[in-house]
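Each remark here refers to the structure printed beneath this line.
Throughout, residue positions are numbered sequentially from 1 according to the sequence presented. As the structure is a prediction and not an experimental result, all values here were calculated from the model.
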Amino acid sequence: MNGEPPMWRIVDGKKLVKEQSSTMRREDEVEDLVVSDPSCLGKPLLIIGRQRRRSITENGGVDMLALDANATTVLVEF
């Protein structure tokens, strides 16, 4: 074990499958996918802000900021 927590993928909306670390996407790739279809997070969202990093190792801030259908602020962390 490499000390990192395991990652899981949902298959057919009901089954969890453990992901191999080599198949995981980079965080910015996942963010791009969510921006292209925010409903993948489970409800309609309007993305209003996204953190930009200068490098993969830079930390800080919220990954993504969104509003739901009731104009409630939603913070998204990857």
Check: Thr72 and Leu67 side chains under 4.5 Å, non-hydrogen atoms = no
Sequence neighbours left out, what passes side chain to side chain contact (heavy atoms under 4.5 Å, CB included) with Ser39? Give chain and number order.
-> Asp37
Is there a side-chain contact between Val76 and Arg50 (heavy atoms, below 4.5 Å)?
-> no
Can you name the residues that form a salt bridge (charged side-chain N to carboxylate O under 4.0 Å, His left out) with Lys43, not counting sequence neighbours?
-> Asp68
Within one Ile-Leu-Val-Met-Phe-Trp-Tyr cluster: Val74 and Val30, side-chain cutoff 4.5 Å = yes
Find out whether Leu41 and Val34 are in side-chain contact, i.e. whether some heavy atom of one side chain is under 4.5 Å from a heavy atom of the other.
-> yes
Residue that, paired with Met64, satisfies side-chain contact (heavy atoms from CB on, under 4.5 Å) out of Leu75, Leu45, Val35 | Val35
Check side chain to side chain contact (heavy atoms under 4.5 Å, CB included) between Leu46 and all other residues, then give those that pass, not counting sequence neighbours.
-> Ile48
